[in-house]
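The basis for the numbers below is simple: all heavy atoms, side chains too, and nothing from hydrogens, waters or symmetry mates.
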Amino acid sequence: SAGCKRWMGQDWRPYGAITPELMKFLMQKIEDRLEGRNLEAAFRRRLIMAGAYFAFTYVDSLRGPEGLLVDVGGLRKNFVKGQNENYVIIALLGQVKGEHGEREHLLPTASVTRSGIKVRQWVQRVIAVNQMCGRETGPAFCDEKGVVLKSGDMNEVLHELLGEIFVEHPGLFQSDIESISDIEDKYSVYRSFRRGSDSLAIAMKVAPEDIKVVNRWSKKEAAGTSKVSLDMTQYYAEVHILLPAFKRYTGAM
């Protein structure tokens with residue numbers, strides 16, 4: 001009954017946003033674990049994929065399932081681009097007619113953000129762990145058999161780390177978070193990273209047009225073969241010309 005009410009919207013509980021402070025502690029938790037000795041290969045791979053996934057979804061304002069579309073082949077092919085201009089390309093599977101000639105959505109992203117998120121380093125790490133498994137194409141976030149991970153897999157890591165942070169620094173959470181179960185109920189990779197990203201963009205006074213540019217690809221993907229509903233300036237704009245807008249948004253994270 002409770003599940004039915006939530007599904008129908010009668011009991012609406014929006015997911016909490018990942019704040020800049022929470023993001024900082026979350027990424028540091030992963031770094032601390034990666035520095036541990038005698039890490040099993042599977043556990044290390046899991047941490048690297050989770051860290052890269054969290055960084056990409058937050059910095060590029062992606063919903064959970066969108067972050068799982070990252071393509072390791074696209075990351076490899078575009079890795080050298082932007083090295084001298086402080087940006088790196090995040091490639092998401094899915095072709096958009098008229099946007100560019102690639103088979104992916106290409107999202108130019110600041111190599112290092114204002115808060116210190118090292119996106120290029122995470123790209124390099126996720127390429128390396130896939131290469132160690134003999135994979136140079138396909139989904140970047142996958143298990144040892146190459147099967148793409150699910151949002152639930154990433155939620156498991158997120159809830160575990162947020163639970164540790166809650167025990168150590170409860171003041172980082174909103175007053176309605178009173179237990180570990182509250183964290184599992186109110187935070188999800190589906191929207192928490194995107195809500196945090198969009199909220200921070202507003203707080204950092206990122207121009208509304210820049211926000212529209214960064215989020216426009218998801219509208220095109222959802223439209224399928226139909227004509228996407230965008231401002232005419234957005235509809236005809238080319239991604240490579242919009243590079244400054246992507247850098248302004250992602251660099252502010």
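Looking only at side-chain heavy atoms (C-beta outward), Met49 and Asn130 come within less than 4.5 Å of each other. Inter-residue side-chain proximity for Glu209 and Val213 is flagged as unmet; no heavy-atom pair is nearer than 4.5 Å.
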Please evaluate residues Ile117 and Phe56 with respect to the criterion side-chain contact (heavy atoms from CB on, under 4.5 Å), reporting the C-alpha separation (whole Å), side-chain torsions for both, the decisive distance (0.1 Å), and the verdict. CA-CA 10 Å; Ile117 300 174; Phe56 300 167; over 6 Å; no
Taking it one step at a time, do Arg45 and Glu144 satisfy side-chain contact (heavy atoms from CB on, under 4.5 Å)? CA-CA 9 Å; Arg45 182 174 61 249; Glu144 61 277 1; 3.6 Å; yes
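Taking both residues in full, the closest heavy atoms of Ile18 and Tyr58 are given as O-CE1, 3.6 Å, listed atom of the first, atom of the second, then distance. Nearest heavy-atom pair across Leu92 and Leu107 is CD1-CD1, 3.7 Å. Closest approach of Ser151 to Leu68, counting heavy atoms only: N-CD1, 3.6 Å. Heavy-atom minimum distance, Gly67 versus Phe141: O-CE1, 3.4 Å. Pairing each heavy atom of Ser188 with each of Tyr15, the nearest pair is CB-CE2, 3.5 Å.
Not one N or O on the side chain of Ser199 forms a donor-acceptor pair closer than 3.5 Å with the backbone of Gly196. Under the 3.5 Å distance criterion, the side-chain polar atoms of Ser115 are matched with a main-chain donor or acceptor of Met253. Counting only distance, with no hydrogens or angles, the side chain of Asp60 and the backbone of Leu62 share no donor-acceptor pair below 3.5 Å. With hydrogens and angles disregarded, a donor-acceptor distance shorter than 3.5 Å links the side chain of Asn155 to the backbone of Val189. Asp153 places a side-chain N or O within donor-acceptor distance of the main-chain N or O of Lys150, the cut-off being under 3.5 Å. Between the side chain of His159 and the backbone N or O of Tyr187, at least one donor-acceptor pair lies under 3.5 Å. For Thr250 (side chain) and Ala110 (main-chain N/O), a donor-acceptor pair under 3.5 Å exists by modelled atom type. Between the Lys77 side chain and the Val72 main chain, no donor and acceptor come within less than 3.5 Å of each other. Between the side chain of Asp182 and the backbone N or O of Ser179 there is at least one donor-acceptor pair closer than 3.5 Å. Between the side chain of Asp143 and the backbone N or O of Gly146, at least one donor-acceptor pair lies under 3.5 Å.
One finds the CG atom of Leu22 at 9.5 Å from the OG atom of Ser192 (value rounded to the nearest 0.5 Å). Of the inter-residue distances, the one linking Glu40 atom CD with Arg46 atom CZ reads 11.5 Å to the nearest 0.5 angstrom. The OG1 atom of Thr137 sits 7.5 Å away from atom CG of Asp71, with the distance rounded to the nearest 0.5 Å. The NZ atom of Lys29 lies 12.0 Å from the CG atom of Leu47; values are rounded to the nearest 0.5 Å. Rounded to the nearest 0.5 Å, atoms OG1 (Thr109) and CD1 (Ile90) are 4.5 Å apart.
With respect to the salt-bridge test (charged N to carboxylate O, under 4.0 angstrom), the residues Arg63 and Glu66 qualify. Using a 4.0 Å cut-off between charged nitrogen and carboxylate oxygen, Arg44 and Glu35 do not count as a salt-bridge pair. At a threshold of 4.0 Å, the pair Arg33-Glu164 counts as salt-bridged, since one of the basic side-chain nitrogens sits closer than that to a carboxylate oxygen.
Around NZ of Lys186, the count of heavy atoms belonging to other residues, nucleotides or ligands within 6.0 Å exceeds 12. At most 12 non-hydrogen atoms from other residues, nucleotides or ligands lie less than 6.0 angstrom from CD of Gln174. Atom CG of Asp176 is surrounded by more than 12 heavy atoms from other residues, nucleotides or ligands within 6.0 Å.
Neither Leu75 nor Met132 shares a network with the other; the hydrophobic side chains, linked directly or stepwise wherever heavy atoms of I, L, V, M, F, W or Y lie under 4.5 Å apart, form separate groups for each. Note: the hydrophobic cluster containing Val112 does not contain Val119 (ILVMFWY, side chain heavy atoms under 4.5 Å, direct or indirect links).
No hydrogens or angles considered: a donor-acceptor pair under 3.5 Å links the side chains of Tyr249 and Ser197.
Relative orientation of the Phe25 and His169 rings is tilted, given thresholds of 30° and 60° on the angle between their planes.
The cationic atom of Arg120 (NZ for Lys, CZ for Arg) lies less than 6.0 Å from the six-membered ring centre of Phe79 and within 45° of the ring axis.
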